[in-house]
Participant: 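Below are the structure tokens for one structure; questions will follow.
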Amino acid sequence: MAPSPVPAPGRPAGPPTSQSSGHASGHTSGAGIAFPRAPRPVELPSVHDALLCVALPALTVCAEHGQLTGEGPEGVYEAGRRLLSRCVLRVAGREPVALQGRMAASDRAVFLGALRVPGDTGPDPALTVERVRSADGTERITLRSAATRPLRLPVEVALGTDLADMGTVASGRTTPELAASVHGTGLRWTGDGRSVAVTADPPPMDSLAAAGVLRWEAELAPGAAFTLRLRVRGESAARPTASTGAGSGRPGGHLLAEARAEGDDPRPGELLRASVDDLRALLQRDPAHPADVYLAAGVPWRCGPVTSEALWGARMALPLGTRLAATTLRALGRTQLPGDGVESGRLQGPLRDAGPHLPPRCTGIEATLAFPTVLAEARRWGLPSADLEELLPVAERCLHWLRRTAGRNGFVPDPGPAGPWRAETQAHAHRAALLGADLLDDCGRPGGDALRDGARTLRERFRREFWLDDPAGGRPAVARAQGGRTWPQLGGWAAHLLDTGLLGGGRYAPGLLDRAETEQVARLLGTPALDSGWGLRSLGTKEPGHNPFGHRAGAVRVHETAVAVAGLAAAGHEKEAASLLRGLLDAAEAFTHRLPEMYAGEQRTTGGRPVPHPAACRPAAVAAAGAVQALLALAGIRPDAPGRSVSVHPLASAPLGAIRLSGLVVAGEAFAVRVGRLGLGMVEEAAEGLQLGV
């Protein structure tokens, strides 16, 4: 399995080793329904400045200088266990002067250093050192000489490990290093029923187990190079080696297409490339069902069982193919509660902090409402019929739960029967009902009319009870209690009211808001109180409790910004959509195109940069997939694979100039679209037999 997830401060609720456990323990919230208790926040060590090489279940955290010092979270991890915490290179008794550390790919980092050798008379170093380190700890160290005379230099690598689990590392607790023993061409450490070995090629001339040091004598002619390779290999009683065992291999890259963007603005191409690369790195297998692959929520702290974030990520990545959606839906479907009780049909998931104003929300309810939505939209993008037939019964049970839970008033409470009723949850429920009805009708299953009737009731009551009138034009309430109390705080959550979902023929489902209310929400999302210049704030600056570092109280959440861009574009509010998209692109450039899940909602200033959040995962599933969704909003692709049609509705303002998007997948075949500087779209490549429209 992947590294054990650890909750960020005030965010996920659940113990570090149980990200997605069901509603089996904790406090009771209404009608005897038990929900997990939100634990005390954990102060996570910041990894923003670290280079994270990711190829789950392997992960390496290293500083820009390239040395693994054993400090903080640095190290090589596999399946949530730190295999190597220290790897310090010295040449002629000195550490190289660090010059540069950079990511070469999501799973690989390159470090450059230099050294002056004995006898150098000027300031120029005669020796350069290059280290290429992969996510699994494999490392290539190359010394290159520019000296005019032969060199003979001692090279040593000091190694060590504590075999600590990710939860211990995240808590900041220190554990002593284990004693090493000589093993083959390297060293070996054993503890707690586990062991790890580091082997070297060429074999070292000397192995000092007591000091954990491997030594070589490097002989370099003028202009020559000396290269050594290190390999880290973990073992346990249950799994003899890190490279064997069911489901331990990396998921194939064929799950996600190689999408590309080219145009007047080079940033979309860089962001799309990096985001797809990160999505591939975040893929992990279900340990009990290795054929099923899903996205880890985020690295390094949230790599546990399948979550609602994995489902949102799969939904936003549908233009890259439907296989990830199918495997994620299968993995989540196994968490569905059985039987005929009040909770049967609901997917399981922990509580998660909802900000300073509301009680925790249930991620299981969020996933239950998302399941039929993602299945319905995956079908529009070209999900194979075999996958649809397998997953449809789970979606039907989710929809039965929705109808039963909504009751007479049409609202879905969260987390318990007593509420509160959240606007965001009602948006998810309304979309699930309409897309679910469309799905049931097309598959010849009953229940579609009842779902549409329920959606109509929900829509009418929402407009009547959630809309708050004021002199500025009104606003939606974030939540409402049964007694009539409302929470008026405005934030990025309102973007979900614009996300209606795809129906047949490339049509969007109707939303909870009427046209005037939609225009008002679009205007509010575009105000400086919510649009920080780097993206959408989760809580407006004028709201009580605003905190630019609060994940639900003012930080920029990439997922919500992407939802807002797509929703605003679909509703025809291009000015606001373009502003948020430009801000997201500028932020991505500052983060070297690897977007964190969130960052501080500080107001953008001339010459400023977005401020990192200390506990944010980077990369994160919803951030990488959200970038894909936001960029694809430029073209407005609306597929209907069952109806053998696809249309494009690009932003007429062409806010980034001309752009070509290729390597996408519609109806199982390659798809490419070009949008000109005048905002006109043209499909350049599509599956044979698809009717094209604009």
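This is a predicted model, so every value here is computed, not measured.
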Participant: Evaluate the side chain to side chain contact (heavy atoms under 4.5 Å, CB included) criterion for residues Arg380 and Asp442: first the C-alpha distance (whole Å), next the side-chain angles of each, then the deciding distance (0.1 Å), finally the verdict.
Facilitator: CA-CA 11 Å; Arg380 295 294 167 202; Asp442 287 353; 2.7 Å; yes
Participant: Show your reasoning for whether side chain to side chain contact (heavy atoms under 4.5 Å, CB included) applies to Leu283 and Leu324.
Facilitator: CA-CA 9 Å; Leu283 293 174; Leu324 177 60; 3.7 Å; yes
Participant: Test your reading of the model: is there a side-chain donor-acceptor pair from Thr486 to the backbone of Ala477, 3.5 Å cut-off?
Facilitator: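 No, because the side chain of Thr486 does not come within donor-acceptor range (under 3.5 Å) of the backbone of Ala477.
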Participant: Go through Leu490 and Val478 one step at a time and tell me if the side chain to side chain contact (heavy atoms under 4.5 Å, CB included) criterion holds.
Facilitator: CA-CA 7 Å; Leu490 186 65; Val478 64; over 6 Å; no
Participant: Please tell me whether Thr327 and Asp292 have a donor and an acceptor in their side chains that are separated by less than 3.5 angstrom.
Facilitator: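 Result is no, nothing qualifies.
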Participant: May I ask you to test the Leu584-Leu536 pair for a side-chain heavy-atom distance under 4.5 Å?
Facilitator: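 Of all side-chain heavy-atom pairs linking Leu536 with Leu584, none is under 4.5 Å.
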Participant: Could you tell me whether Asp340 atom CG has more than 12 heavy atoms of other residues or ligands within 6.0 Å of it?
Facilitator: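 It does not: Asp340 CG has 12 such atoms or fewer within range.
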Participant: So, Arg480 side chain and Glu465 main chain: donor-acceptor pair closer than 3.5 Å or not?
Facilitator: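 Yes, Arg480 side chain to Glu465 backbone: donor-acceptor pair under 3.5 Å.
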Participant: Stepwise, does the side chain to side chain contact (heavy atoms under 4.5 Å, CB included) test hold for Leu369 with Cys398?
Facilitator: CA-CA 7 Å; Leu369 298 174; Cys398 290; over 6 Å; no
Participant: Starting from the C-alpha separation in whole Å, work towards a yes-or-no answer on salt bridge (Lys or Arg N to Asp or Glu O under 4.0 Å) for Glu343 and Arg346.
Facilitator: CA-CA 6 Å; Glu343 288 294 277; Arg346 179 176 58 75; 2.4 Å; yes
Participant: Heavy atoms, side chains only, cut-off 4.5 Å: are Val565 and Val563 in contact?
Facilitator: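 They are not in contact (no side-chain heavy atoms under 4.5 Å apart), so the answer is no.
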Participant: Between Glu669 and Ala686, is there a donor-acceptor pair closer than 3.5 Å when you use the side chain of the first and the backbone of the second?
Facilitator: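 It does not hold such a pair.
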Participant: Could you tell me the separation between the CH2 atom of Trp487 and the CG atom of Leu468, rounded to the nearest 0.5 Å?
Facilitator: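 It is 12.0 Å, given to the nearest 0.5 Å.
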Participant: Do the non-hydrogen side-chain atoms of His573 and Glu519 ever get within less than 4.5 Å of each other?
Facilitator: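 His573 vs Glu519: side chains touch.
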Participant: Listed by chain and number, what are the side chain to side chain donor-acceptor pair (under 3.5 Å) partners of Arg463, not counting sequence neighbours?
Facilitator: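 Expected list: none.
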Participant: Just do the salt bridge (Lys or Arg N to Asp or Glu O under 4.0 Å) check on Arg330 and Glu390 with the steps written out, would you?
Facilitator: CA-CA 9 Å; Arg330 271 199 295 271; Glu390 178 186 358; 3.3 Å; yes
Participant: For the residue pair Pro359 and Pro420, establish whether any side-chain heavy-atom pair is separated by less than 4.5 Å.
Facilitator: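 A side-chain contact exists here, since the closest heavy-atom pair is under 4.5 Å.
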Participant: So, taking the atom named CZ in Arg404 and the one named CG in Leu399, what distance separates them when rounded to the nearest 0.5 Å?
Facilitator: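 Rounded to the nearest 0.5 Å, the CZ-CG separation comes out at 11.5 Å.
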Participant: Looking at Arg302 and Glu597, is any side-chain nitrogen of the basic one under 4.0 Å from a carboxylate oxygen of the acidic one?
Facilitator: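 Yes, Glu597 and Arg302 are salt-bridged.
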Participant: To check you understand the geometry: which heavy-atom pair defines the closest contact between Thr405 and Pro413, and what is its length?
Facilitator: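 Closest heavy-atom pair between Thr405 and Pro413: CG2-CD, 3.8 Å.
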Participant: Charged N to carboxylate O below 4.0 Å: is that the case for Glu460 and Arg456?
Facilitator: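 Between Arg456 and Glu460 there is no salt bridge, as every charged N stays at least 4.0 Å from the carboxylate O atoms.
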Participant: Measure the spacing between CE of Met316 and CD of Glu377 and express it to the nearest 0.5 Å.
Facilitator: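 It is 11.5 Å, given to the nearest 0.5 Å.
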Participant: Quick one: ring pair (Phe, Tyr, Trp, His ring centres under 6.0 Å) pairs with a partner in residues 423-464, sequence neighbours left out?
Facilitator: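 Every pair satisfying ring pair (Phe, Tyr, Trp, His ring centres under 6.0 Å) with a residue in residues 423-464: Trp312-His428, His428-His496, Phe462-Phe466.
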Participant: Could I get the full list of salt bridge (Lys or Arg N to Asp or Glu O under 4.0 Å) partners for Glu576, not counting sequence neighbours?
Facilitator: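 By the salt bridge (Lys or Arg N to Asp or Glu O under 4.0 Å) rule, Glu576 matches no residue at all.
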Participant: Is the shortest heavy-atom distance from the side chain of His551 to the side chain of Ser538 under 4.5 Å?
Facilitator: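 In short, these two side chains do not touch, never coming nearer than 4.5 Å.
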Participant: Can you name the closest pair of heavy atoms from Leu383 and Ala326 and give their distance?
Facilitator: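 Looking at all heavy atoms of both residues, the closest pair is CD1-CB, 3.9 Å.
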Participant: Which heavy-atom pair separates Ala314 from Ala325 by the least distance, and what is that distance?
Facilitator: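 Looks like CB-CA, 3.9 Å.
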Participant: Find the distance between CG (Leu318) and CG (Leu502) and round it off to the nearest 0.5 Å.
Facilitator: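 Between atom CG of Leu318 and atom CG of Leu502 there are 9.5 Å.
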Participant: Taking all non-hydrogen atoms of both residues into account, name the closest pair between Asp278 and Ala624 and its distance.
Facilitator: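 Closest pair (atom of Asp278, atom of Ala624, distance): CB-CB, 4.2 Å.
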Participant: Go through it in stages, so that I can follow the logic: the residues are Glu424 and Arg552, the test is salt bridge (Lys or Arg N to Asp or Glu O under 4.0 Å), and I'd like the CA-CA distance, side-chain angles, deciding distance and then a yes or no.
Facilitator: CA-CA 13 Å; Glu424 184 178 333; Arg552 286 275 186 175; 3.3 Å; yes
Participant: So, Glu309 and Arg352, do they make that salt bridge, N to O below 4.0 Å?
Facilitator: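 Salt bridge: yes.
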Participant: Within the 4.5 Å heavy-atom criterion, are Arg638 and Tyr508 side-chain neighbours or not?
Facilitator: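 Side chain of Arg638 against side chain of Tyr508, heavy atoms only: contact under 4.5 Å found.
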Participant: Got a donor-acceptor contact below 3.5 angstrom from the Glu517 side chain to the Asp514 backbone?
Facilitator: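 Checked: pair present.
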Participant: Is atom CZ of Arg464 surrounded by more than 12 heavy atoms (other residues, nucleotides or ligands) closer than 6.0 Å?
Facilitator: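 Above 12, so yes.
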Participant: If I take atom OG from residue Ser579 and atom CG from residue Leu525, how far apart are they, to the nearest 0.5 angstrom?
Facilitator: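 Rounded to the nearest 0.5 Å, the OG-CG separation comes out at 11.0 Å.
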Participant: Can you spot which of Glu366, Arg361, Gln426 makes a side-chain contact (heavy atoms from CB on, under 4.5 Å) with Asp414?
Facilitator: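 Considering Glu366, Arg361, Gln426, a side-chain contact (heavy atoms from CB on, under 4.5 Å) with Asp414 is found only for Arg361.
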Participant: List the atom of Ala625, the atom of Leu279, and the distance in Å for their closest heavy-atom pair.
Facilitator: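 Between these two residues, the closest heavy atoms are N-CD2, 3.8 Å.
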Participant: Answer yes or no: is there a donor N or O on one side and an acceptor on the other, between the side chain of Arg285 and the main chain of Pro290, under 3.5 Å?
Facilitator: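 Yes.
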Participant: Starting from the C-alpha separation in whole Å, work towards a yes-or-no answer on salt bridge (Lys or Arg N to Asp or Glu O under 4.0 Å) for Asp441 and Arg452.
Facilitator: CA-CA 11 Å; Asp441 287 353; Arg452 275 184 284 270; 2.4 Å; yes
Participant: Given 3.5 Å as the limit, does a donor-acceptor pair link the side chain of Gln691 with the main chain of Arg644, or not?
Facilitator: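 It does not hold such a pair.
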Participant: Determine the minimum heavy-atom distance between Asp286 and Ala331, stating which atoms define it.
Facilitator: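 Closest approach of Asp286 to Ala331, heavy atoms only: OD2-CB, 4.1 Å.
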Participant: Output yes when Asp499 and Arg431 qualify as a salt bridge under the 4.0 Å nitrogen-oxygen rule, no when they do not.
Facilitator: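 Here Asp499 pairs with Arg431 in a salt bridge, since their nearest N and O are under 4.0 Å apart.
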Participant: So does Arg379 pair up with Asp438, basic N to acidic O under 4.0 Å?
Facilitator: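 Not counted as a salt bridge, because no side-chain N and carboxylate O are separated by less than 4.0 Å.
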Participant: Do His649 and Ser647 have side-chain atoms, one donor and one acceptor, less than 3.5 Å apart?
Facilitator: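 Yes, side-chain donor-acceptor contact under 3.5 Å.
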Participant: Do Leu320 and Val665 touch side chain to side chain, with heavy atoms closer than 4.5 Å?
Facilitator: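 No, their side chains stay 4.5 Å or more apart.
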Participant: Might you work through the side-chain hydrogen bond (donor to acceptor under 3.5 Å, both in side chains) test for Arg475 and Gln520, ending with a clear yes or no?
Facilitator: CA-CA 7 Å; Arg475 62 167 63 186; Gln520 175 66 357; over 6 Å; no
Participant: Can you tell me if Ser532 uses its side chain to pair, donor with acceptor, with the backbone of Gly601 under 3.5 Å?
Facilitator: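 Not a single qualifying donor-acceptor pair exists.
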Participant: When rounded to the nearest 0.5 angstrom, what distance separates OG1 in Thr328 from CG in Leu311?
Facilitator: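 So the OG1 of Thr328 and the CG of Leu311 are separated by 7.0 Å.
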Participant: Atom CZ of residue position Arg323 - does it have more than 12 heavy atoms of other residues, nucleotides or ligands inside 6.0 Å?
Facilitator: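 Open.
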Participant: For residues Leu434 and Pro510, determine if any side-chain heavy atom of one lies less than 4.5 Å from a side-chain heavy atom of the other.
Facilitator: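 Contact flag for Leu434/Pro510 side chains = yes.
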